[in-house]
Number of protein chains: 4
Amino acid sequence: MKPAATEAAGGTTSKKDRTRRRILDAAAKVLARLGIEQATLTDIAAAADLKAGSLYFHFASKEELLAEVLNVGIAESWAHLTRAVEACAGSSSGAQLRAAIGAHVEARHELTDYAAVVIGAAHTHPRLGDDLYQRHYRRYTARWLELIVAAQTDGALPSGTDPRLLRDLCFGAMNVAPRGRWSSTQTSSALVSLLHLSSEESS
Amino acid sequence: MKPAATEAAGGTTSKKDRTRRRILDAAAKVLARLGIEQATLTDIAAAADLKAGSLYFHFASKEELLAEVLNVGIAESWAHLTRAVEACAGSSSGAQLRAAIGAHVEARHELTDYAAVVIGAAHTHPRLGDDLYQRHYRRYTARWLELIVAAQTDGALPSGTDPRLLRDLCFGAMNVAPRGRWSSTQTSSALVSLLHLSSEESS
Amino acid sequence: MKPAATEAAGGTTSKKDRTRRRILDAAAKVLARLGIEQATLTDIAAAADLKAGSLYFHFASKEELLAEVLNVGIAESWAHLTRAVEACAGSSSGAQLRAAIGAHVEARHELTDYAAVVIGAAHTHPRLGDDLYQRHYRRYTARWLELIVAAQTDGALPSGTDPRLLRDLCFGAMNVAPRGRWSSTQTSSALVSLLHLSSEESS
Amino acid sequence: MKPAATEAAGGTTSKKDRTRRRILDAAAKVLARLGIEQATLTDIAAAADLKAGSLYFHFASKEELLAEVLNVGIAESWAHLTRAVEACAGSSSGAQLRAAIGAHVEARHELTDYAAVVIGAAHTHPRLGDDLYQRHYRRYTARWLELIVAAQTDGALPSGTDPRLLRDLCFGAMNVAPRGRWSSTQTSSALVSLLHLSSEESS
DNA sequence: CATGAATGAGTGTTCATTCAT
DNA sequence: CATGAATGAACACTCATTCAT
């Protein structure tokens with residue numbers, strides 16, 4: 001009566017899994033739009049065509065639901081980032097940084113709402129999510145730091161300043177608030193030219 | 001018994017005005033620390049040595065109180081910005097932009113809590129405050145736009161991109177979240193060098 | 001495919017009956033441990049290796065399930081009581097009362113969880129259970145009353161007081177709360193000596 | 001503007017104090033009738049002619065409100081007990097125990113609802129109330145233990161059994177459930193005669 | 001003017017109950 | 001038969017808001 005694989009290769013997903021995903025999607029959407037403390041479970045449930053109490057069949061608490069959204073978001077962002085950077089593995093550090101900028105901005109603007117929640121929440125609420133998320137978030141920012149340091153070493157970025165500060169400035173610029181006002185390509189190429197990373201620094 | 005002047009020319013400030021100011025100061029402090037939706041009226045009242053109900057003698061609602069804080073904040077930021085820019089009126093557009101960056105970052109970090117509330121709120125909550133605030137906020141961003149356009153014209157900033165987008169990117173970078181992590185001078189000089197505005201581009 | 005006998009004479013018990021019994025056992029255990037209003041249907045279902053919804057195939061409501069548990073409990077207690085008392089049918093009324101005390105305490109402490117639920121619930125929630133239970137519970141207390149009256153007549157208990165009050169006092173003492181703190185033999189023999197029933201009152 | 005003493009000798013009680021007391025009285029009444037986990041804040045508030053949220057102006061949580069009720073109850077019970085026992089200071093240990101029984105039963109039946117809550121809760125929920133209550137409750141039971149041991153030493157109670165068990169049995173008997181069924185004098189004198197404490201056991 | 005005291009709408013959460021599968 | 005999945009009413013609790021004093 002019950003299909004053998006619940007999540008196996010064949011692509012079979014139980015109804016519970018699908019509803020769970022629907023809730024997560026709804027949560028990501030609402031959280032991205034209203035912000036973490038402004039979004040109520042009633043909002044999220046309504047966006048998933050449910051009543052608030054029903055969420056507890058799938059998640060133990062608002063906190064856990066949020067953590068799950070953040071985990072999906074950071075995983076997506078990480079995958080997007082590493083894919084883009086590895087795609088230009090042999091290139092200059094400037095080119096890699098360009099790729100990273102494109103990936104980050106794209107994650108926020110066009111990927112899913114999950115990444116948007118991460119970015120909207122990360123800097124404002126430092127102690128958010130569960131341990132797994134914290135680890136993954138640190139990994140993400142650490143990777144960025146490496147890229148920045150490499151760019152500084154190569155002279156693509158000014159070397160006189162703390163790379164962590166540079167990273168924070170970049171994040172600030174990339175996370176510029178109203179999604180939808182600027183497209184991701186507009187945003188990232190503008191930032192690239194603003195930082196004078198636009199192309200190979202000719203001799 | 002002598003409530004004659006409420007705000008008269010001579011500099012006389014009634015007791016009511018003084019309390020009003022005390023509340024505004026307290027509100028700015030609390031709002032800057034806790035964020036707009038996290039700060040409760042009880043918090044604000046306590047910081048002003050009052051009880052929550054008393055606030056309603058001076059302000060019609062939390063929203064109005066917030067609007068007033070924002071108005072003070074944007075006025076301060078505006079004054080700070082124009083003063084700094086006018087101080088180097090004859091200089092290059094790059095120098096003026098440097099001054100603007102310094103002023104904005106300083107306003108957020110060291111000026112008062114009012115400016116911090118504006119900056120913390122402005123980009124995240126677009127439709128905040130009353131009409132007056134909205135007008136003043138637009139004036140502030142419009143002034144920034146002029147500075148950016150001038151810098152583009154002079155070649156201090158890349159001219160291929162929408163100046164409003166450049167402005168938003170700058171705002172994002174300058175408003176990078178945790179106050180106190182980086183000093184205002186660290187932040188502004190790092191941004192200046194990141195944008196290659198550091199000094200007059202000698203011929 | 002063979003649902004023939006539901007409760008037939010031959011001792012055949014259908015699967016439904018067996019599951020029903022399993023639920024009742026689980027309910028008795030959980031109710032005895034957590035108390036009536038603290039125990040949730042999810043708790044009970046889990047103890048019966050079921051999900052909460054499944055209980056409704058066997059019982060119309062939590063109330064009905066509770067009533068059934070109480071009915072089993074009072075039946076057991078009654079059987080235990082009458083058996084013990086009849087075992088010393090010819091003896092003195094004091095000896096019979098001693099037997100009753102032993103039976104009651106033993107029912108609560110060592111018999112099954114059903115009796116424990118009855119005793120834990122009976123005095124605190126007077127209007128519990130269905131009519132059948134109420135009738136059986138009254139029969140149980142009525143039997144106790146007879147034993148007390150007999151003991152009063154024989155001088156084994158003080159005769160100046162309302163026997164129903166004496167019965168309630170005995171119940172209170174026997175149902176002294178934390179199961180497990182005192183063993184049933186400790187409890188009953190202590191009560192017996194406290195009431196000066198310890199042995200045959202010599203001439 | 002504000003009277004010097006808030007609770008001092010003069011008998012001045014602020015309105016807040018009076019409402020607080022009204023809530024405590026209502027809570028005691030409702031808790032005594034419905035039991036601790038069955039009584040809702042809405043019930044209690046309604047009994048005090050308030051809405052549930054208003055209780056939080058006077059008490060930080062349901063737990064704190066309950067703790068306060070318990071503290072009043074145990075204080076009353078203690079005062080009642082010591083007063084009664086000291087009134088027959090020179091008498092026999094049996095007489096003192098009789099006084100204690102009378103006081104305890106009276107506290108539950110006729111004093112206030114506070115004592116009833118304590119008694120209804122104490123044995124069923126061991127870890128209730130705050131630290132102060134726990135201390136006072138232990139003092140109460142310890143005093144009872146002394147009385148029992150003294151009675152055992154004097155031969156007024158059987159000496160072969162653990163005095164703590166005897167105390168628990170006495171408590172169980174005295175706390176016999178439905179308040180109002182028996183008067184306090186009926187109850188205590190019945191228990192006294194049941195334990196053969198009725199008068200001085202003449203030689 | 002300010003407070004004390006109260007309210008009501010809304011929050012996250014629990015749980016008995018229902019019903020299609 | 002049993003479960004999966006959902007619901008709605010209730011819970012303790014918070015907070016902006018009101019108003020008599």
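Every heavy atom of this structure was used, including side-chain atoms; hydrogens, water molecules and symmetry mates were not. Protein chains get the first letters and strands the later ones, always in sequence-line order, with residue 1 at the start of each.
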Residues, nucleotides or ligands: over 12 heavy atoms within 6.0 Å of Lys51(A) NZ: no
For Ile119(D), check side-chain contact (heavy atoms from CB on, under 4.5 Å) against everything at least two apart and list the hits. His104(D), Arg108(D), Asn175(D)
Donor-acceptor under 3.5 Å (Asp113(A) side chain, Ala116(A) main chain): no
With nearest nucleotides of DNA chain E determined for Gly53(D) and Ser54(A) from heavy-atom distances, which residue corresponds to the more 5′ nucleotide? Gly53(D)
Sugar-phosphate only, base, or nothing, as touched by Leu55(D) at under 4.0 Å among non-hydrogen atoms: nothing
For dG4(F) and His58(A) - does any side-chain N or O of the residue sit under 4.0 Å from the phosphate oxygens OP1/OP2? no
Determine yes or no for a side-chain-to-main-chain donor-acceptor pair under 3.5 angstrom, with Gln134(B) supplying the side chain and Gly129(B) the backbone. no
Would you please test Tyr114(B) and Asp25(B) for side chain to side chain donor-acceptor pair (under 3.5 Å) and show each step? CA-CA 8 Å; Tyr114(B) 291 94; Asp25(B) 287 349; 2.4 Å; yes
Using whole Å, what does the distance between atom P of nucleotide dA5(E) and atom CZ of Arg21(D) come to? 17 Å
When you measure from the side-chain N and O atoms of Tyr56(A) to the phosphate of dT14(E), is any distance below 4.0 Å, counting only OP1 and OP2? no
Taking only heavy atoms on the protein side, list every residue of residues 59-70 of chain B lying under 4.0 Å from any atom of DNA chain F, sorted numerically. Ser61(B), Lys62(B)
Checking Arg127(D) now: which residues fulfil side-chain contact (heavy atoms from CB on, under 4.5 Å) with it, not counting sequence neighbours? none
Assert: residue with more 5' nearest nucleotide on DNA chain E, out of Phe57(B) and Ala52(C), is Phe57(B)
What is the separation between atom CG on Asp17(D) and atom C1' on dA5(E), rounded to the nearest whole Å? 13 Å
Enumerate the residue pairs fulfilling side-chain hydrogen bond (donor to acceptor under 3.5 Å, both in side chains) with a member in residues 37-46 of chain A, sequence neighbours excluded, ordered by first and then second residue. Glu37(A)-His125(A), Gln38(A)-Glu37(B), Thr40(A)-Asp43(A)
Numerically ordered, the residues 34-47 of chain A set in heavy-atom contact under 4.0 Å with DNA chain E is Ala39(A), Thr40(A), Leu41(A)
To the nearest Å, how far apart are Arg18(A) CZ and dT21(E) C1'? 13 Å
Rounding to a whole Å, what distance do you find between Leu50(D):CG and dA5(E):C1'? 9 Å
Quick one: side-chain hydrogen bond (donor to acceptor under 3.5 Å, both in side chains) partners of Asp49(C), sequence neighbours excluded? none
Any donor-acceptor pair under 3.5 Å from Asn71(C) side chain to Tyr133(C) backbone: yes
Would you tabulate the side-chain donor-acceptor contacts of residues 56-65 of chain B under 3.5 Å, counting partners in other chains and residues two or more places apart, or write 'none'?
unit_1   : atom_1 : unit_2   : atom_2 : d
Ser61(B) : OG     : Glu63(B) : N      : 3.3
Ser61(B) : OG     : Glu64(B) : N      : 3.1
Lys62(B) : NZ     : Ala39(B) : O      : 2.9

Could you check which of dA5(F), dG8(F), dA6(E) has an atom nearest any side-chain atom of Lys16(A)? dA5(F)
Sequence neighbours left out, what passes side-chain contact (heavy atoms from CB on, under 4.5 Å) with Ala48(C)? Give chain and number order. Ile23(C), Ala26(C), Leu50(C)
To the nearest Å, how far apart are Ile23(A) CD1 and dA5(F) C1'? 10 Å
According to a strict under-4.0 Å criterion, is Thr19(C) in side-chain N/O contact with OP1 or OP2 of dC1(F)? no
Its dot-bracket string being built from Watson-Crick and G-U pairs below 3.5 Å, with | for another strand and [ ] for crossing, DNA chain F has the pattern .||||||||||||||||||||
Under the salt bridge (charged side-chain N to carboxylate O under 4.0 Å, His left out) test, which residues partner Arg22(A), sequence neighbours left out? none
